[in-house]
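These notes are about the structure you will find just below.
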Amino acid sequence: MRNLLPLISSHPGGRSSLTCRFRCGDACFKETPNTSDNEYAGDIIARAVSRRSMMRAAAVVTVAAAAGTAALTGPNAPQAEAAALAGHGHKPPHKPAPSGARGLRFSPVAPNKDDKVTIPDGYSQNVVIRWGEPILRGAPAFNPDKQSAKAQAGQFGYNNDFLSLLPLRGERGRQVLVANHEYTDEILMFRGYDPANPTREQVEIAWAAHGLSVVVVQEEHRTGKLGPVSRHPLNRRLTATSEFRVTGPAAGSDLLRTSADRTGSRVLGTLNNCAGGTTPWGTTLHGEENFNQYFANGNTAEHKRYGIGTGATERKWERFDRRFDLAKEPNEANRFGWVVELDPYDPDSTPHKRTALGRFKHEAAQPRLTSDGRPVVYMGDDEKFDYLYKFVSSKRMKKGTSRAAREHNLTLLDEGTLYVAKLTGDSPAAEIDGTGKLPADGEFDGSGVWIPLATGTTSHVPGMTADEVYVYTRLAGDKVGATKMDRPEDVEPSPRTGRVYVALTNNSDRGKEGKAGADEANPRNANKHGQILELAENWDDPAGDGFAWRLFLVAGDPNDPATYFSGFPKESVSPISCPDNVAFDDHGNLWISTDGNQLGSHDGLFGVATHGDRRGELKQFLTVPTGAETCGPVIQDRRVLVAVQHPGEVDGASVEKPASIWPDGPGKIVRPSVVAVWRKDGRDIGV
């Protein structure tokens, strides 16, 4: 057997300390915000009085296997899977193809530390758009030594994360690209930057570099190359000072009112937008994640639960705008941490912060529809020991593109019920020892329930009003005993089977003294590599209150006994660490981007089969440059897009001493960018 791959960082998740400072405010080095003593699955299992009670807890899984196509366990699982595929207009797989699952037939990229985007043989790539490229009328060409807030407000923002590509009717070869801009790293943006004394100009440039970009892109004839159409009427920038409307049941709450907004319904800006989602009605959703780091002088228990510090911030924005000083505006932080909905087809529209979906560190928000057309949105709270949520709308989506349908659909996420997940394993506690060893039944699996938190103006949490549930959703999850997870990040329902996949990135504190220990859903103490959980709603009903679950993938070096790839031979998979953003292709394969690889390689993008004889076959499609994280991704039939975030973000790096020369070579400033990859022969990806 080969030796295990080397670890490359003592920093949590393999990130540099520079990334931790600017991306999440050194969250990993501060007290974990969730100090609740609510039960976790290991506690529940340990107190079970008999194996019979365990079987009763798993009965939901048996019922689902007997009745629905989303069954996760039982001898009829392959037949149920085939039925699910047939029900969606696809034939079940027959003999496995020797070159890999359909959609994954490419030569995997080997782990590497090359300062470039490395792609498979037979593929080509191009940089679609870079930080600072002008997209609005009047915006100048990017000049790193002549930056201004006015220029940046018309240019593509910094540190692109979530991507969505939407069709553009009537304009051949064009699509609408929407991108999140999660955070700024001023050390890599400005020459001679002094972290202790930022200038107003630098701060205002950073405000303009946050937010969202909408830009039309044009496909080059006969290749997969994409490029921006500058000054297109749909192009748009939303920044930290743009106006956003607060909607839903908490709009107007006293908890959202400030001296500048007595109504509690208008907010300036969106911050730290991480992953997101694309709705069936043609809008995009954007999760405000590590917003806590922008606010100084937190002084309440609620501030502490959301990770807001008691002193000054890294960027010192509170020196230039009082709203970032909670000693002066204690409610301003409550206006961030929401899911934002944007209509990219209406450049004059005001984006909405949807309070019905709760407030926490939103990593993503991807909807699916119930059988009667109501959207259900799955969401993760990206913090160690925090929770998995879903929102079920009470309204049905209207089909079509009429004005009436569009106006109605823009209200779908304002009314419904918000839930949090509680998971129970079906193996005895003694079999979950924190090493990642599989229990006797051969899988980490079990059942779960969705606990209702609030519906409209009605709270389901004793001792909390509905407004408090929406604004302090983490505390509501604490009260009802939700399961503490290993950093739930992107959550994506399969468009083919309805199964939901949850990326759990890592949790170095799992099992530490005073912290929750391993349970069946989070089976490794000091979890450096993360896992992916697969969830099937009972009766395949996303609006239901129960589900079956199992771990689809336990990440790490395949030579490590504590890894698991759905039973696929581990000598035939790529090593993977720290799953983050996920997406599906049309073949039903799950594509996984990573953040903080701990296995001696740069981060990358991977594809894995989720069904058929090759279920669990995982192959690396690309790696990103030095210091970068892989974000996005978008998987189309003939093109893959990734957002290359924070390239060169390595300890000790600066504009004067770059750690990367990507994407433009020596002597050029390092620039976060979007990259497109396609096959040279023009055929579909991986077939």
Side-chain angles (χ1 to χ4, degrees), residues 70 164 245-253 275-288 337-343 349 351-360 362-381 387-421 449-461 466-467 469-471 473 476-477 491-495 498-500 502 535 537-547:
S164 180
R245 182 184 172 196
V246 181
T247 64
S253 168
T278 303
T279 70
W281 52 94
T283 63
T284 52
L285 305 179
H286 309 267
E288 296 181 318
W338 304 101
V339 169
V340 174
E341 184 170 14
L342 169 71
D343 184 353
S349 62
H352 294 176
K353 296 195 177 189
R354 303 295 190 187
T355 62
L357 276 64
R359 173 176 166 266
F360 42 89
H362 281 278
E363 171 71 20
Q366 181 56 49
R368 65 181 287 204
L369 297 177
T370 63
S371 59
D372 62 355
R374 290 175 294 141
V376 176
V377 183
Y378 296 92
M379 303 168 287
D381 185 351
Y387 309 132
L388 174 66
Y389 299 86
K390 80 171 179 180
F391 168 80
V392 181
S393 177
S394 59
K395 291 184 175 182
R396 299 179 182 180
M397 187 186 85
K398 288 186 177 180
K399 297 181 180 180
T401 58
S402 68
R403 180 176 179 181
R406 196 151 190 84
E407 289 179 351
H408 169 81
N409 292 338
L410 287 171
T411 69
L412 293 174
L413 301 184
D414 282 338
E415 297 180 21
T417 300
L418 179 65
Y419 298 86
V420 69
V449 294
W450 292 109
I451 303 173
L453 299 178
T455 304
T457 57
T458 301
S459 169
H460 304 300
V461 181
D467 282 1
V469 169
Y470 294 119
V471 177
T473 310
V491 187
E492 193 90 5
S494 168
R499 296 179 187 177
V500 180
V502 184
L535 180 155
E537 299 276 19
N538 289 352
W539 309 98
D540 198 25
D541 178 11
D545 60 3
F547 56 89

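Bear in mind the structure is a predicted one, so any value in this text is a computation, not a measurement.
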Could you pull out the closest heavy-atom pair between Ser459 and Val469, with the gap in Å? OG-CG2, 3.5 Å
Side chain to side chain contact (heavy atoms under 4.5 Å, CB included) involving Glu492 - partner list, sequence neighbours excluded: Gln366, Asp490, Val582, Phe584
Taken in chain and number order and not counting sequence neighbours, the residues that satisfy side chain to side chain donor-acceptor pair (under 3.5 Å) with Asp467 are Ser253
Would you confirm whether Arg406, through its side chain, and Trp281, through its main-chain N or O, come within 3.5 Å as a donor-acceptor pair? yes
With Tyr419, which residues qualify under ring-ring contact (aromatic ring centres under 6.0 Å, His included), at least two apart? none
Return the set of residues passing side chain to side chain contact (heavy atoms under 4.5 Å, CB included) with Lys395 (not counting sequence neighbours), or none when no residue passes. Ser393, His408, Thr411, Leu412, Glu415
Which pair of heavy atoms, one from Ala250 and one from Thr355, lies closest together, and at what distance? N-OG1, 3.1 Å
Side-chain donor or acceptor of Thr473 paired with backbone N/O of Gly358 under 3.5 Å: no
Approximate separation, where rounding is to 0.5 Å, of Trp338 CH2 and Arg359 CZ: 6.5 Å
Kindly compute the distance separating OH (Tyr470) from CZ (Phe360), expressed to the nearest 0.5 Å. 12.5 Å
Nearest atoms (heavy-atom pairs only) where Leu285 meets Leu413: CD2-CD1, 3.8 Å
Can you see which heavy atom on Trp450 is nearest to which on Gly546, and at what distance? CD1-N, 4.1 Å
Check whether more than 12 heavy atoms from other residues, nucleotides or ligands sit under 6.0 Å from atom CZ of Arg396, and answer yes or no. no
Hey, which of Arg245, Arg354, His352, His286 is the one that makes side chain to side chain donor-acceptor pair (under 3.5 Å) with Glu341? Arg354
Can you give me the closest heavy-atom contact between Ala405 and Lys398, atom names plus distance? CB-CB, 4.0 Å
Would a 4.5 Å heavy-atom cut-off, applied to side chains only, mark Thr279 and Pro375 as touching? no
Side-chain H-bond candidate by donor/acceptor type, Ser394 with Arg374, under 3.5 Å: no
Looking at every non-hydrogen atom in both residues, tell me the closest pair between Phe391 and Ala356 and how far apart they are. CD1-O, 3.5 Å
For atom CG of Asp541, is the number of surrounding heavy atoms from other residues, nucleotides or ligands below 6.0 Å larger than 12? yes
Between atom OG1 of Thr458 and atom CG of Leu453, what is the distance when rounded to the nearest 0.5 Å? 13.0 Å
Salt bridge present between Asp540 and Arg368 (N-O < 4.0 angstrom): yes
Taking the side chain as everything from C-beta on, heavy atoms only, tell me whether Met379 gets closer than 4.5 Å to Val491. no
Non-neighbouring partners of His362 that pass side chain to side chain donor-acceptor pair (under 3.5 Å), sequence neighbours left out: none
Decide whether Ser164 and Thr284 meet the rule of one side-chain donor and one side-chain acceptor closer than 3.5 Å. no
Not counting sequence neighbours, which residues clear side chain to side chain donor-acceptor pair (under 3.5 Å) with Thr417? List them please. Thr455
